[in-house]
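Notes follow once the structure below has been shown.
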Amino acid sequence: MAVKIKRTQRKKMQKLRNIAIIAHVDHGKTTLVDKMILQANLIRNQEASGTLVLDNNDLERERGITILSKNVSVIYKDYKINIIDTPGHSDFGGEVERVLNMADGVILLVDAFEGTMPQTRFVLQKALALGKKPIVVVNKVDKPNCRPDFVYEQVFDLMFSLDANEEQLDFKVIYGSAKQGWMSHTYKEKTNSITPLLDTIIDEIPEPAKVEGTPQMLITSLEYSPYLGRIAVGKLTRGTLRAGMNVTLAKRDGKTLVKSKIKDLMVFEGLGKAKAEQVECGEICALVGIDGFEIGDTICDFENPEPLPPITIDEPTMSMLFTINDSPFFGKDGKFVTSRHIKERLDKELEKNLALRVQQGDSADKFIVYGRGVLHLSVLIETMRREGYELQVGQPKVLFKEIDGVKCEPVEELTIDVPDDYSGKAIELATKRKGTLRNMESRNERTRLEFDIPSRGIIGLRSNLLTATAGEAIMAHRLKGFEPYKGEIEMRSVGSLVAMETGQAYAYALGKVQDRGRFFVEPGDEIYCGQVVGENTRENDICLNLTKSKKLTNMRASGSDEKIVLAPAVKFSLEEALEYIREDEYVEITPKFMRMRKILLSEIDRKRAEKAQQ
């Protein structure tokens with residue numbers, strides 16, 4: 001897929017620009033990069049129509065979000081522009097922080113209607129702190145009700161509040177629509193291409209500094225190839241690297257030094273990579289043949305190693321228990337079901353997922369996994385499910401910290417966008433969960449509410465909010481920091497309906513107990529004893545027998561053949577299920593099914609455990 005450039009042309013073309021594209025989720029980053037790729041004619045138009053080239057992972061395409069940062073290069077006017085597409089969710093902040101080290105400038109993309117959102121602030125703060133020069137792109141100016149001038153002012157105020165220096169505040173603004181494929185210096189003049197943006201990148205973003213001396217390269221990401229093994233990716237900040245060169249791998253602990261050799265050198269060209277004999281300072285490159293490296297290690301000189309400071313990554317804020325699937329239906333769907341398989345997969349994930357931590361639980365088949373949020377962990381679970389793993393996960397738990405002898409918990413900045421009629425309901429839901437209203441503004445019949453809320457309060461809030469606002473609420477949040485513990489929060493107030501027998505659920509049995517609550521299973525579903533099959537209307541749990549079929553008889557009686565009308569079953573997404581379960585419940589995940597169950601399947605065992613607690 002990559003464009004082949006002649007070697008002579010590559011030697012001449014040492015004009016480089018390294019940029020990262022940062023924005024809030026769904027503001028159009030990946031669409032913009034795709035249009036840049038089209039502008040450089042790297043792919044034929046018909047190949048690109050309809051799907052995003054960069055979001056090439058199934059999970060990314062389904063959710064419409066970027067999870068992993070990606071590198072692409074575009075050739076424009078003899079300049080090589082290395083573009084890094086970054087995730088917008090703060091749950092994947094570990095990805096963003098790493099890749100910003102490779103860029104010399106950033107393109108901040110903002111929606112012309114929504115303006116700056118919590119994650120815009122999150123990613124921009126990281127970029128400004130590293131001293132990167134921004135270019136602001138106000139995207140989606142083709143939308144009705146857009147407010148480009150207001151958004152420009154908003155971005156300036158945001159940068160000022162984030163302590164941007166004078167050079168950073170003197171930023172250039174480009175307006176346009178990535179979807180329609182045009183960019184312009186004023187939003188009133190529509191052009192026919194995105195060349196104004198590419199010209200601004202060349203004029204505004206500084207060229208990487210040329211530093212003479214021994215080579216230094218910080219490994220900021222890794223890729224895996226079934227043929228070449230692990231590939232180290234990073235920006236060469238000093239000196240030159242050559243294929244076959246002997247180097248030292250300096251580990252991130254600052255003490256360990258490992259002698260190694262570069263087998264192959266590659267640079268990014270178009271959507272792929274091309275082999276290179278030599279890489280100059282400032283280029284983003286990939287190395288093959290380095291064994292045992294981790295993200296944050298430094299590749300440096302063989303004789304005089306001088307390591308660079310390792311990358312610091314935000315600490316995890318949430319933990320979840322991962323364990324083997326021990327339900328009566330275990331091993332029916334998945335290929336990998338043992339604790340050894342799960343441990344190996346988690347260890348493999350640790351190599352490239354910097355914000356993740358794994359600890360052994362209280363038994364050999366339990367693992368406590370720490371991450372940045374429910375989305376961060378659910379993406380890992382979903383990926384494992386698609387790879388053929390069976391596992392069970394417990395309720396997400398927030399991590400507490402002791403600061404100066406005070407128990408502290410993570411607090412997040414929460415933004416809720418709702419129609420004016422529902423603002424009261426949204427405020428009630430957030431304040432019930434210890435949220436503090438910070439700001440409230442109304443425009444175009446919609447109200448934007450800003451809260452400070454404990455991370456515990458966000459778990460399960462989205463589904464309640466969507467129910468209360470008829471699906472109209474838009475919610476975004478980012479970690480603010482640790483603050484003193486806010487007290488108990490009332491979580492789910494209703495009990496579960498639990499299956500009493502293993503077998504097939506019958507419509508006859510479901511029809512008889514419909515008044516008990518909402519059901520999560522449909523007639524014909526296989527269920528087992530201890531599975532959570534519905535939500536009770538009251539606080540306590542109730543055991544039901546849904547496997548009872550109607551006894552056939554040759555006696556006829558009026559009223560015995562009434563028609564059964566069942567309400568449709570409630571279907572949960574993975575995140576909703578994780579936020580819904582209680583402490584005494586697990587979510588069972590297999591490649592084909594997702595079920596909720598009690599940790600103790602037998603009702604007698606549950607009653608004994610309850611008595612022991614009292």
Side-chain angles (χ1 to χ4, degrees), residues 3 13 15-24 26-43 45 48-49 52-54 72-86 103-116 120 123-124 127 132-144 146-156 158-159 164 167-208 270-271:
V3 176
M13 204 189 60
K15 298 174 179 175
L16 262 184
R17 296 290 183 270
N18 297 324
I19 56 157
I21 299 196
I22 58 177
H24 180 76
D26 248 3
H27 279 196
K29 288 187 297 299
T30 307
T31 312
L32 179 64
V33 179
D34 280 14
K35 286 294 182 287
M36 286 184 175
I37 293 168
L38 274 175
Q39 184 84 29
N41 300 324
L42 292 184
I43 41 176
N45 277 330
S49 60
L52 293 176
V53 184
L54 281 190
V72 200
S73 79
V74 169
I75 310 298
Y76 176 71
K77 287 187 180 172
D78 275 357
Y79 282 84
K80 179 179 179 184
I81 303 172
N82 283 320
I83 306 163
I84 307 156
D85 182 26
T86 61
D104 297 301
V106 292
I107 291 181
L108 174 67
L109 200 63
V110 193
D111 187 306
F113 174 69
E114 288 188 355
T116 57
T120 318
V123 190
L124 184 62
K132 308 293 178 196
K133 176 85 196 260
I135 293 173
V136 174
V137 175
V138 179
N139 192 23
K140 305 190 184 182
V141 294
D142 55 314
K143 280 169 85 172
C146 66
R147 312 160 301 153
D149 292 331
F150 176 77
V151 169
Y152 167 68
E153 295 292 330
Q154 213 179 10
V155 171
F156 186 86
L158 175 63
M159 287 205 193
E167 192 191 355
Q168 288 170 330
L169 286 173
D170 186 22
F171 56 84
K172 285 275 186 292
V173 185
I174 300 284
Y175 300 92
S177 164
K179 198 172 185 182
Q180 293 180 357
W182 66 271
M183 290 283 154
S184 172
H185 291 285
T186 61
Y187 63 90
K188 288 165 185 158
E189 289 174 27
K190 186 174 174 179
T191 61
N192 56 5
S193 72
I194 60 162
T195 46
L197 173 61
L198 295 170
D199 289 331
T200 310
I201 290 170
I202 289 166
D203 297 341
E204 289 295 312
I205 302 293
E207 199 171 348
L271 294 164

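Counting begins at 1 with the first residue of the sequence.
- Judged as a side-chain contact (heavy atoms from CB on, under 4.5 Å), and not counting sequence neighbours, the contacts of K179 are S177.
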Q: Assess whether side chain to side chain contact (heavy atoms under 4.5 Å, CB included) is satisfied between K80 and K15, documenting all intermediate values.
A: CA-CA 6 Å; K80 179 179 179 184; K15 298 174 179 175; over 6 Å; no
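- Here the closest non-hydrogen pair linking N82 and S73 is OD1-CB, 3.3 Å.
- Residues satisfying the side chain to side chain donor-acceptor pair (under 3.5 Å) test with Q180, not counting sequence neighbours, are D142, W182, K190.
- Screening residues 146-156 for salt bridge (charged side-chain N to carboxylate O under 4.0 Å, His left out) gives no qualifying pairs among residues at least two apart or on separate chains.
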Under 3.5 Å, sequence neighbours excluded: what are the donor-acceptor pairs made by side chains of residues 167-175?
{"residue": "Q168", "atom": "OE1", "partner": "N165", "partner atom": "N", "Å": "3.1"}
{"residue": "Q168", "atom": "NE2", "partner": "L128", "partner atom": "O", "Å": "3.4"}
{"residue": "Q168", "atom": "NE2", "partner": "K132", "partner atom": "O", "Å": "3.0"}

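- Among all heavy-atom pairs drawn from A178 and N139, the shortest one is N-OD1, 2.9 Å.
- The shortest heavy-atom contact between S184 and E189 is OG-O, 2.9 Å.
- Across every non-hydrogen atom of L16 and P208, the tightest pair is O-CD, 3.4 Å.
- K140 and C146 get closest at one heavy-atom pair: O-CB, 4.2 Å.
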Expected list for residues 194-205: side-chain donor-acceptor pairs under 3.5 angstrom, two or more places apart:
{"residue": "T195", "atom": "OG1", "partner": "S193", "partner atom": "OG", "Å": "2.9"}
{"residue": "D199", "atom": "OD1", "partner": "Y76", "partner atom": "OH", "Å": "2.8"}
{"residue": "D199", "atom": "OD1", "partner": "K77", "partner atom": "NZ", "Å": "2.9"}
{"residue": "T200", "atom": "OG1", "partner": "P196", "partner atom": "O", "Å": "2.6"}
{"residue": "E204", "atom": "OE1", "partner": "K133", "partner atom": "NZ", "Å": "3.1"}

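- Counting only heavy atoms from C-beta outward, the side chains of L124 and M159 approach each other to under 4.5 Å.
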